[in-house]
Amino acid sequence: MDLIEKIIEKKPAIVKRWLDVLVETYPEDSRVFFKKETDQFANPVGFTFSKELESLVEYVVRGNLGEEASKGLDRIIRIRAVQDFSPSEAVKFVFQLKGIIRDVLGKRGSLEGFAGELELVDKNIDKAGLLAFDIYSMCRERIYELRVGEVRREVGRLLERANLLCQAAQQ
Amino acid sequence: MAQTPKPEELAKIEHSPPLMEGWMDRPVEIREGFYCYGAKGKNLAAVGMPNPRDWNPADEDWKLPEDWKEIVLDGFKDRLDRFRSFKLFMDICVRCGACADKCHFFIGSGDPKNMPVLRAELFRSVYRKRFTTAGKLFGKLAGARDLEYNVLKEWWYYLYQCTECRRCSLFCPYGIDTAEITIIGRELTNLLGLNTDWIQAPVANCYRTGNHLGIQPHAYKDMIDFFVDEIEEVTGVRVNPSFNRKGAEILFITPSGDVFADPGTYTAMGYLMLFHYLESMGLDITWSTYASEGGNFGFFTSHEMAKRLNAKMYAEAKRLGVKWILGGECGHMWRVVHQYMDTFNGPPDFLEEPVSPITGTKFENAKGTKMVHITEFTADLIKHNKLKLDPSRNDNLVLTYHDSCNTARGMGIFEEPRYVIKNVCNNFYEMPSGTIREQTFCCGSGAGLNAGENMELRMRGGLPRANAVQHVHEKHGVNMMACICAIDRAALTTLMEYWVPEVQICGVHELVGNALILDGEKDRTTDLRGEPLPGMEDMEEEEDV
């Protein structure tokens, strides 16, 4: 059995720990709610975290960072980009997967002899971390674009009426 | 709606605080992106608000009068005496936490001070210290604390993170209306000139010119003339609205957002087309360039300011000598009209009980205020087969409907907009049951929070709503969400751009305008937005060539 297979085998425990470290970034009173409320509409944050982390584990450790992985990371980071987190706090959970894998698999020497593979998994997690940061930046840029868009919609018609907008001449 | 719990159910409630341990020791941190800029001195002075000066919430010094504490506590006492509800709400909460996870701001942020119970506790703690014996004697042990500068800042920060949507009230076994606590809390901050400029500037503008943007009458009319041209371009029919016309039977008042801000402008075009259609059937209606705003940001300032700004509706109705008032698609305008206007500025004994001139329907529900909601009016027209409609013109749209908090929870309008939508569109899907009707999730931008500088707050507050939209988008291909609130039309557009960019926002009467078959119209190729009608896509391309 290779390391990836071992990780997949322990996926439920890894996902649980990953969710724990993600939810621990919130105040104590909120953690219970995020974890216990299972209705996806009553608790979109907790539901999204559980659902997306579940599928992300495999994508990330395999380095399969295509559209699906991107989408999963986006759903989590889009939320954290508008909460009370600094950029590093918002994406830190991705890198924390390294420690979680070691904790879950490291018992009773299960990782012995997998140093090379572990290094590869670490590299894949780093790549996912960088992707997470790209997504975070895109979300923040979007926030600023939204501000500009609103101003445009609010007064654009008035400016147009007052002949204060000029369009580029047709070529 | 909230059911009255049985005694045995109430007995099960644990009367000890399960949550919020140690919250008093966590001082507030005013963070950028989650608050609106402070009210400018000139806008405070324009309507005689106390302590007019420019101030910045991020500064240490909020430039308060020396006796600020006394002012607030006197104001607190005054309101406890005047508002029985406020006194009750301060006393009866058992901190059961039923409301805690119902607030969209808590759900989206995880900030415990966004739990309605804790948001109100920010006040209750001071109430206990100053106005109850137990609080005076036992202090912190009894959940009491004194009003200090940082407590005031905490009040302010969280009072302006509540949209007064009242979803929490729906789940409170005691029926505590946290929105009322926010309303009165904001009144207290206004005693010190601590409004936000996003609220105060529209208040000042409204007082001066009648609308939030400070648009003068000629510009208001000019904007509607612009719509008349656009409608002619789409339909070939020139509509002819009247303004400030004395002797008209009906006065029409709508939020200025419909006249100036996209995509509300398309809803305004829908109103114009409907009124034109009904003209030959006996509709005698006028717009007003003075009562040019249905919205009332005074409601987010104080009861008194809400009353002052609301007064123009009846004043203009009296001046013009109309019989009754028809109101456009707006949220908090209707909360004020439905719950306050009659006692603020009524009784309007110079008006008559509204009767539809087309169907003869008496709007008995509007007997008090003499003001009818346009979706009630239009639903009645459709019910009586008075409108020729072609819903297939909206076939490029897959609709859902957002119940605006104020019209849904505030006045119980659930069926009329749905009835109208289902008659003018063929593709309609509801969002999940816990997110609509009386349980609807707020847009996250109501009660004067729809500014730009607090965008992060708005996006996380709107997450529960957006999450339900995403569900119907993925399941049914929904690409348009209708609503009957001007702030929603502006705020949800932005919310969707962040969370579900494939979904756009419209008013119900935009859909009516698209479907309505006007006498003498040309073959329409586009909808009111200038987008090709279903099946006309190729024609548009040919024209472009």
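Side chains included, hydrogens not; waters and symmetry mates left out as well; all remaining heavy atoms used. Each chain gets a letter, A, B and so on, in the order its sequence line appears, and its residues count up from 1.
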Roughly how far, to the nearest 0.5 Å, is the CG atom of B:Leu495 from the NE2 atom of B:His402?
9.5 Å

So, the part of A:Arg31 with a heavy atom under 4.5 Å from chain B: the answer is neither

Any B:Arg458 side-chain heavy atom under 4.5 Å of B:Cys443 side chain
no

Tell me whether the rings of A:Phe34 and A:Tyr26 are parallel (<30°), tilted (30 to 60°) or perpendicular (>60°).
perpendicular

Which atoms of A:Arg80 come close to chain B, meaning under 4.5 Å heavy atom to heavy atom: side chain ones, backbone ones, both, or neither?
neither

What class does the angle between the rings of B:Tyr35 and B:Tyr157 fall in, given that below 30° is parallel, 30 to 60° is tilted and above 60° is perpendicular?
tilted

Between A:Asp2 and A:Lys6, is the salt bridge (Lys or Arg N to Asp or Glu O under 4.0 Å) condition met? List the steps.
CA-CA 6 Å; A:Asp2 65 16; A:Lys6 274 176 171 280; over 6 Å; no

Would you please test B:Asp262 and B:Thr265 for side chain to side chain donor-acceptor pair (under 3.5 Å) and show each step?
CA-CA 5 Å; B:Asp262 290 340; B:Thr265 47; 2.5 Å; yes

Contacting region of A:Arg142 [heavy-atom separation from chain B under 4.5 Å]:
side chain

Heavy-atom distances under 4.5 Å only: say whether A:Gln83 touches chain B with side chain, backbone, both or neither.
both

Turns out that what part of A:Gln40 lies under 4.5 Å from chain B's heavy atoms comes down to both

Just do the salt bridge (Lys or Arg N to Asp or Glu O under 4.0 Å) check on A:Arg147 and B:Glu453 with the steps written out, would you?
CA-CA 8 Å; A:Arg147 289 180 182 164; B:Glu453 61 269 23; over 6 Å; no

Is it the backbone or the side chain of A:Asp39 that comes under 4.5 Å from a heavy atom of chain B, or both, or neither?
neither

Under 4.5 Å, counting heavy-atom pairs only, tell me which of A:Arg153, A:Glu145, A:Arg152, A:Arg75 racks up the most with chain B.
A:Arg153

Greatest number of heavy atom pairs closer than 4.5 Å to chain B - which of A:Arg140, A:Glu28, A:Glu37:
A:Arg140

Is it the backbone or the side chain of A:Phe33 that comes under 4.5 Å from a heavy atom of chain B, or both, or neither?
side chain

